[in-house]
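See below for the structure under consideration.
Predicted model only: the values in this text are computed from it and were never measured. Reminder, nothing fancy here: chain letters follow the sequence lines and each chain counts from 1. Values reported hereafter were calculated over all heavy atoms of this structure, with side chains retained and with hydrogens, waters and symmetry mates removed.
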Amino acid sequence: MKNLFSLNELTVEKIEYLLDLSEKLTDLSEFENIKKITNDKLVCNLFFEPSTRTHYSFEVAQNRLNMKIISFDSVNSSMQKKETFYDTIKTFDSFSLDLLIIRCSENEFWKQFDCEIQTPIINAGDGTSEHPTQSLLDLLTIKKEFSGFSGLTVGIIGDIVNSRVAHTNIETMQRLGIKVLLSGPLEYIPVLNLNDFPNAEYIPFPEILSKCDVVMMLRIQHERHLHKCCLEKSEYNKNYGLNSKNFSLLKRNAIIMHPGPVNRGIEITDELVECEKSRIFEQMKNGVFVRMAVICYLLSKI
Amino acid sequence: MKNLFSLNELTVEKIEYLLDLSEKLTDLSEFENIKKITNDKLVCNLFFEPSTRTHYSFEVAQNRLNMKIISFDSVNSSMQKKETFYDTIKTFDSFSLDLLIIRCSENEFWKQFDCEIQTPIINAGDGTSEHPTQSLLDLLTIKKEFSGFSGLTVGIIGDIVNSRVAHTNIETMQRLGIKVLLSGPLEYIPVLNLNDFPNAEYIPFPEILSKCDVVMMLRIQHERHLHKCCLEKSEYNKNYGLNSKNFSLLKRNAIIMHPGPVNRGIEITDELVECEKSRIFEQMKNGVFVRMAVICYLLSKI
Amino acid sequence: MKNLFSLNELTVEKIEYLLDLSEKLTDLSEFENIKKITNDKLVCNLFFEPSTRTHYSFEVAQNRLNMKIISFDSVNSSMQKKETFYDTIKTFDSFSLDLLIIRCSENEFWKQFDCEIQTPIINAGDGTSEHPTQSLLDLLTIKKEFSGFSGLTVGIIGDIVNSRVAHTNIETMQRLGIKVLLSGPLEYIPVLNLNDFPNAEYIPFPEILSKCDVVMMLRIQHERHLHKCCLEKSEYNKNYGLNSKNFSLLKRNAIIMHPGPVNRGIEITDELVECEKSRIFEQMKNGVFVRMAVICYLLSKI
């Protein structure tokens, strides 16, 4: 495999292989062996949208794999002189690097290139469409918690229509045998969207909370909403967010996840972000290993 | 020691040990030995306020110590999506790095973390409060000039109330046996402040100039002043700045220091910035060695 | 040689040596040998103007040469506190680095330093004055195409008055025996400018197209024009740009070059940017090797 654009391109077996590899990479001896593949390879991280978790966990992964790293800064680049995304990527392709990591606001950005880009590409989030490495780290977090996927129920709650994380997760989780439930304000889950995911059932909030092994809260993506959110901050939390009141509805072994950044007090109240059931910072930790695994996988050219 | 937040945490002996180590690090053979401690360690520099000297001398130090370096860029981070300083630091802590270098505008930023951050932290300047590595490089510059501290008089002149450099220096210098004098516009040195430093005497300008072995001019921190400076640029220099007229008042062996960036023509006139008595660029050079020493010290976990 | 400010400083023999070295650096075995010179050397890239091709091909070159790299980010630096270009460069000079790469908007920026900067400097473009490494990569592209320079005719077309690329190329190409023709809107090629280059002949557009082995289109530098361009986008292309209509005027073996970023649809229509005659992305590829060669040359201190 040369590129990773979408998890749709991976069989269930490949996804499980990547999750296994991610777990193994926490073991240094295994890791030294794999580092030969990535040693001194030159990667450029091109983030055309703001990012902390994804961008820097990629950089941590690349450093641990002993790669050489270039960080593209669009603010000080020729994009200030109106150079396009297309020409920027073509420029980096002409440099004969070993790998490009790309995040941008355009859905399926790779489809605009007539002839294929020579350099391998990992999609680090394209618009509202896909976020394959985020989905893998979510899966790794779930797998580590429950030692597998079959029989599990995941509830995805909130701004689903704008969430590339949700889009990638819904489909991939169902392929892995997970039952997916959706909830949140109806204007964030249009009918169209439900049609896209015929196997994902809508459950009103807070009823959904008692039905899930994993409660995945999504960030309200204010920056992608054309209109202001219909609800005030505290109103949103009361109706669709986790708080000390509805927390008691959760199953005894349920865990709380969130792709971050958390709007504290909206999707989740402050004190719950770091509560015992929360795996939010564990997700970030797992992100490093998943990205190491994906990079190794692509560069080993299996 | 795990973190360096304030020089108050260090005994006089520890401070002198760090200054000695800084001097030794200019010698490459000693240096190779120490590099084993820091080799391939992964550090992230998180500067939430503008910086040239501190930021890049840390990067030079880290490169010379053969560390792997990540530079956090808040402008292109999830802080654009309103993620807080707290969650940003927690995110980097979840990545299991070896060291964080943090500058931010909040005084004593580390006190907001309920449970301690796992990753070691070096304070690279917190608001108007402390700047331990700047103080160490000032001390190294003085030590190299006068071969010690006892019997010396240092005059700190200018915007003391807003200067974390001054706050750290006044206290540390007194502990090392240096006599500290203060001068500058009275609105920059409120009574409250003098009470904080009972052993630091106020001397009117320019009388102070003839009394000091070290004249340390402070930058007017326009960005921290709520009101415009009461004085025009040239007026300030005439009343509280160094210029060719009052330069003759300096002792024969006195040196001029400034933490930078210099507002040329305000604290010091242009031609004096690079005069023979100036150690301003020498301070920057010493900053690299002091930061190497502090990093070695923390990572060796003594 | 310590610095590279202008190609005027290099004899024709030195230029040819650098082009030969650039070609050799594509061969890895040769390259390993040369890497000893640059291994672990510490460079800082200081770009005070936006850049993609130059900035990142320097970073790629430095990575391939196994150097340690610091990227200065003026937006988050003390320049926000009004520190000058002069003091910023002096600061980096005080750090005792091995090399500085500098791009800035001031013509002949190096002349403002009274006493010489200790650290070697490569000029990565100064205002509208010079761009030596761009000129070298243009020459390398031409040399690879035509196996030499003598007897060739290069047409430089467009915003010549603002183009440091043109300034460096016109003079250097003539020294190498290339015949240089100029074309474009007359307000972009003032008489004064033609006087500067007495051997460069002005040929009206599109007549120039049939006379050249190399057609070098220049970017309209909107950001340097005080007044709006006198012509609309489509008008400019019709009168002074390459398009499917005048493309047929080109010689059979002629190639198209452009320093980038291309204003697609203005200097060249979209479909011609990646046509068979275009060497635009080949130029970017060559930029890496030329910059490797220049760095090796300076650091070997021949």
Going from [atom1] on [X] to [atom2] on [Y], what distance comes out if it is rounded to the nearest 0.5 angstrom?
X: A:Thr88; Y: C:Arg53; atom1: OG1; atom2: CZ; answer: 7.5 Å
X: A:Phe72; Y: C:Glu59; atom1: CZ; atom2: CD; answer: 11.0 Å
X: A:Asp40; Y: C:Arg64; atom1: CG; atom2: CZ; answer: 10.5 Å
X: C:Asn63; Y: A:Phe95; atom1: CG; atom2: CZ; answer: 12.0 Å

Which portion of A:Asp73 sits near chain C, non-hydrogen atoms under 4.5 angstrom: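 Looking at A:Asp73, backbone and side chain both touch chain C.
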Region of A:Ser74 in contact with chain C, defined by heavy-atom distances below 4.5 Å: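 The answer is neither part of A:Ser74.
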Enclosure of C:Lys238 NZ (heavy-atom neighbours >12, cutoff 6.0 Å): no
With a 4.5 angstrom heavy-atom cut-off, could you sort out which part of [X] is near chain A: side chain, backbone, both or neither?
X: C:Phe281; answer: both
X: C:Asn286; answer: neither
X: C:Glu274; answer: side chain

Report yes if some heavy atom in the side chain of [X] is under 4.5 Å from a heavy atom in the side chain of [Y]; otherwise report no.
X: C:Val60; Y: A:Phe92; answer: no
X: C:Tyr56; Y: A:Ile70; answer: yes
X: C:Pro261; Y: A:Lys82; answer: no
X: C:His55; Y: A:Asn76; answer: no

Under 3.5 Å: donor-acceptor pair, side chain of A:Ser78, backbone of C:Thr52: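 Yes: the side chain of A:Ser78 pairs with the backbone of C:Thr52.
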Listed partners of C:Ser135 passing side-chain hydrogen bond (donor to acceptor under 3.5 Å, both in side chains), at least two apart: C:Asn169
Pair C:Asn263-A:Lys81, side-chain donor/acceptor within less than 3.5 Å: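 Not at all, the side chains of C:Asn263 and A:Lys81 share no donor-acceptor pair under 3.5 Å.
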